[in-house]
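Before any comments, here is the structure.
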2 protein chains.
Amino acid sequence: MPDEPYDVIIIGAGPAGLAAGLYAARDRYATLLLEKNGLPGGQILLTEHIENYPGYETVGGPELVQHMQKQVEQFDAEIAINKAVTGLKRRDDGMIEVDVNDGETTYETEAVILSPGSDYRQLGLPGEDVMRQATRVSYCATCDGAFYRDKHVLCIGGGNTAVEDTLYLATRFTAKTTLIHRRMEFRAQKVLVEELYAKADENNIDIKLPYVATEIVPNAAGDAIDHVKVRNVETDAIEELKVDGVFIFVGMVPNTSWLEGFVPLDANGYIAADPITMKTPTPGVWVAGDCRQDAAMQLATACADGVTAAMGLKEYFRDFPDSESWAGVEPEAIEKDQVRGY
Amino acid sequence: MPDEPYDVIIIGAGPAGLAAGLYAARDRYATLLLEKNGLPGGQILLTEHIENYPGYETVGGPELVQHMQKQVEQFDAEIAINKAVTGLKRRDDGMIEVDVNDGETTYETEAVILSPGSDYRQLGLPGEDVMRQATRVSYCATCDGAFYRDKHVLCIGGGNTAVEDTLYLATRFTAKTTLIHRRMEFRAQKVLVEELYAKADENNIDIKLPYVATEIVPNAAGDAIDHVKVRNVETDAIEELKVDGVFIFVGMVPNTSWLEGFVPLDANGYIAADPITMKTPTPGVWVAGDCRQDAAMQLATACADGVTAAMGLKEYFRDFPDSESWAGVEPEAIEKDQVRGY
């Protein structure tokens with residue numbers, strides 16, 4: 001255990017965590033960021049080309065992360081990598097114990113900001129990872145749609161996001177959009193599916209059911225897609241689709257399963273919080289970024305979450321209760337409608 | 001009147017408006033930003049040295065604005081300067097008419113994002129503006145406190161923010177903090193005032209009542225404060241205080257008076273909105289930035305507001321009602337507790 005407890009420990013050093021660290025450390029709180037991976041940055045490390053972060057006409061994800069990291073460290077925040085948080089416990093004196101790597105280390109802190117992020121659910125196809133790094137496989141139409149003006153993209157999925165974002169891409173950007181789904185029926189709301197079929201012809205949307213993708217084949221240089229192999233689930237026939245990009249819309253998974261019991265999670269695993277303050281119902285615990293219920297899932301909004309969460313420390317520390325008052329403290333009551341999906 | 005209506009008009013081209021413009025234009029909505037001043041950028045044009053915008057270790061306000069402006073324009077948004085919006089009217093066909101410069105121009109649009117910002121209330125002292133530009137006069141402790149480690153600052157004001165942020169500066173940054181207020185009693189909550197007096201000695205806070213500032217005198221080079229003249233209101237005696245910085249905490253004024261009747265404003269003039277979506281109760285109208293109720297008043301949070309507001313366009317335009325359905329449409333009911341301060 002380190003010599004002295006931290007004022008605040010930030011769990012997850014993606015953009016939300018780094019922004020929280022910036023504000024916390026600049027306010028001279030003793031700040032530690034714990035990152036489970038070998039580098040800070042989270043999802044944006046996987047993005048070579050960002051053009052929708054306000055203030056950078058265009059920037060690479062790794063480059064932006066480096067700036068954010070330096071910025072945090074210049075205010076003396078510590079960033080510890082390869083530290084997966086495996087448990088959180090509030091002691092009777094109000095301190096929170098943060099267990100890392102299943103007992104390897106225990107840190108003590110007065111406050112916690114949770115920014116573990118969410119991961120896009122991947123299909124695990126051959127070629128998926130390498131083409132993601134080349135910005136040819138995407139999981140977010142708002143993020144990457146603009147790269148596909150007058151191009152042909154393949155969309156994969158059958159839920160609301162798949163249908164909505166296929167329409168979004170087809171009506172605003174692409175010359176052609178192919179949508180495949182592994183069943184004969186979409187899971188999306190009926191009104192969306194009706195709209196999809198109504199607008200398919202005029203927007204050059206090709207709907208192929210029931211199909212799955214089996215491989216994303218890069219070109220020789222490895223910087224673009226040559227073709228995608230798709231299989232008709234009924235006939236097992238394989239087709240090769242020549243597309244410029246692939247959008248995979250099969251859901252997201254917040255990295256929050258280890259938090260159950262410590263903060264309220266909604267039915268999909270997102271952390272419930274006050275959208276104005278980022279406060280969770282657990283005193284001294286805030287949330288920031290893509291793991292938050294109702295998060296907009298954008299780089300700029302994740303950073304703002306972190307800023308807002310860290311700004312809450314000032315009030316919290318002014319009133320930080322003394323040791324006796326914590327024995328048996330329960331999380332504040334949370335309004336039922338604040339945790340939707342329960 | 002221009003040839004064709006816009007999809008969205010963004011009112012105010014500060015960081016919130018520019019971020020909204022980026023997302024709207026990148027989504028290929030016909031986007032117009034209206035800025036009342038001769039340059040986009042809003043408040044941050046006045047800040048020479050920003051170190052708390054995630055991703056820039058340090059950047060000048062005007063430089064950051066230039067990046068944001070180029071970024072928006074590369075997606076074909078139009079920015080029109082010297083355009084003060086003087087009226088908004090919803091027509092029966094659902095279109096919104098935007099009146100500029102008291103009838104000089106009328107623009108038509110389907111959706112509006114309101115980002116007119118807020119101004120810090122200034123004291124209007126000689127030297128205040130020029131020392132603000134030199135980052136020696138500030139209106140925001142969270143923004144600029146970190147520049148005053150081990151320095152002497154003068155705080156001015158008597159409300160909650162003045163007392164809270166004097167404590168914040170004195171306990172975290174400064175070597176000495178002088179607080180002046182024009183009356184013998186603070187307007188701030190009693191608990192804060194008690195804390196102020198309890199912590200004054202150990203944190204070297206000098207409380208001078210009843211005093212007003214009369215002049216901020218720059219040094220010969222004009223890049224720092226030489227001294228501030230303050231006057232004892234009872235005796236009229238003038239003193240000269242040698243300080244490194246001045247924090248003026250006398251409130252904010254959202255630029256929203258022209259909006260009354262179009263969207264709900266709270267008692268302080270801030271625009272009420274859903275904090276998750278930035279939607280106002282008026283259909284097709286969003287808000288972003290410092291003019292929003294509960295805004296965190298930071299650069300990063302203003303940008304995120306703009307991003308979130310613009311992301312709402314996608315759903316809105318999918319369901320944009322046809323012309324007949326707008327006659328007599330009233331703003332959606334707003335929960336009373338959504339508009340606090342009414």
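Sequence lines set the chain letters: A, B, ... in the order given, protein chains first and strands last, and positions in each chain run from 1. Side-chain atoms are counted along with the backbone in the values below, which use heavy atoms only and exclude waters and symmetry mates.
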Legend entry - Ring-ring centroid check Y23(B) Y53(A), cutoff 6.0 Å: no

Legend entry - Segment of F75(A) engaging chain B (4.5 angstrom heavy-atom cut-off): side chain

Legend entry - Short side-chain to backbone donor-acceptor contact, R26(A) and G145(B), under 3.5 Å: no

Legend entry - Ring-face cation contact, F317(B) with R172(A), 6.0 Å cut, 45° max: no

Inset, instruction - Identify the heavy atoms of Q74(A) and E57(B) that sit nearest to each other, and give their distance. - result: NE2-O, 3.4 Å

Inset, instruction - Return the option, out of T277(A), L299(A), V59(A), N52(A), with the maximum number of heavy-atom pairs under 4.5 Å with chain B. - result: N52(A)

Legend entry - Region of L192(A) that comes under 4.5 Å of a non-hydrogen atom in chain B: side chain

Legend entry - Region of E51(A) that comes under 4.5 Å of a non-hydrogen atom in chain B: both

Inset, instruction - Give the member of Q71(B), Q66(B), M311(B) that has the highest number of heavy-atom pairs under 4.5 Å with chain A. - result: Q71(B)

Inset, instruction - Sort out for me which of K70(B), E63(B), R149(B), E164(B) touches chain A most, counting heavy-atom pairs under 4.5 Å. - result: R149(B)

Legend entry - Check: R28(A) side chain, T171(B) main-chain N or O, donor-acceptor pair, under 3.5 Å: no

Legend entry - Segment of L22(A) engaging chain B (4.5 angstrom heavy-atom cut-off): side chain

Legend entry - Nearest heavy atoms of A304(B) and A300(A), plus distance in Å: CB-O, 3.6 Å

Legend entry - Distance, nearest 0.5 Å, that separates OG1 of T142(B) from CG of D27(A): 6.0 Å

Legend entry - Cationic N near anionic O, under 4.0 Å, K314(A) to D165(B): yes

Legend entry - Check: Y56(B) side chain, G55(A) main-chain N or O, donor-acceptor pair, under 3.5 Å: yes

